[in-house]
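All values derive from a computational prediction rather than experimental measurement. Note that ligands are numbered from 1 as they come in the structure, with each ligand's atoms numbered from 1 the same way.
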Amino acid sequence: MRFNHLVTSVTLSILLIGQQVHAKEWQIQMLNYGSAEQGGMIFEPAFIHAQVGDTITFLPSHSGHNAQSYVVPEGSRQWKSSLDKEYTFTLDAEGIHLYYCPPHLMMGMVGMIQVGAAKNQALIDKKAPRLRSKMALKPERMDALLSQIR
Ligand SMILES: [Cu+2]
């Protein structure tokens with residue numbers, strides 16, 4: 001019995017250490033222009049498949065941008081970075097973050113982070129069209145993000 005407890009404890013420790021080792025640090029650049037196909041005012045990468053425990057850092061690679069959540073997974077808090085400041089947060093729940101750059105929403109500056117399973121897909125399907133309707137330019141970027149959810 002004691003031995004079993006020890007094995008369980010050791011196994012748990014190994015699993016926990018394993019998770020820490022595999023937690024990934026994602027970086028998203030905020031840019032005035034991307035490639036010719038991408039056009040101006042973009043998050044790069046705009047879509048990320050991540051896992052709970054990973055961290056996200058927004059980098060003010062070009063000036064005049066910030067990032068703000070529009071939809072977050074159930075159990076996660078809404079978040080917002082300051083203009084031209086680096087901003088890091090940890091992904092703490094499964095689901096999809098849909099976010100945008102407030103100064104450039106009209107220009108189609110939006111992004112998505114899927115954390116594990118798409119648990120809040122219904123909410124995303126409901127709210128994405130509202131955000132899309134404010135994208136005067138490049139509204140098709142929203143469709144491209146939605147198509148990458150799996
Ligand atoms: Cu921007």
Residue pairs involving residues 38-64 (criterion salt bridge (Lys or Arg N to Asp or Glu O under 4.0 Å); sequence neighbours excluded) = none
Return yes if a side-chain donor-acceptor contact under 3.5 Å exists between D84 and S63, otherwise no.
-> no
Provide the protein N, O or S atoms situated under 2.8 Å from the Cu ion (ligand 1); waters are not included.
-> H65 ND1, C101 SG, H104 ND1, M109 SD
Mind checking whether Y33 and H62 have parallel, tilted or perpendicular rings, split at 30° and 60°?
-> tilted
With K119, which residues qualify under salt bridge (Lys or Arg N to Asp or Glu O under 4.0 Å), at least two apart?
-> E94
Do F43 and L31 share a hydrophobic cluster, counting only Ile, Leu, Val, Met, Phe, Trp and Tyr and linking them when any side-chain heavy atoms are less than 4.5 Å apart?
-> no
Residue pairs, two or more places apart or on separate chains, that pass salt bridge (Lys or Arg N to Asp or Glu O under 4.0 Å) and touch residues 61-79 = none
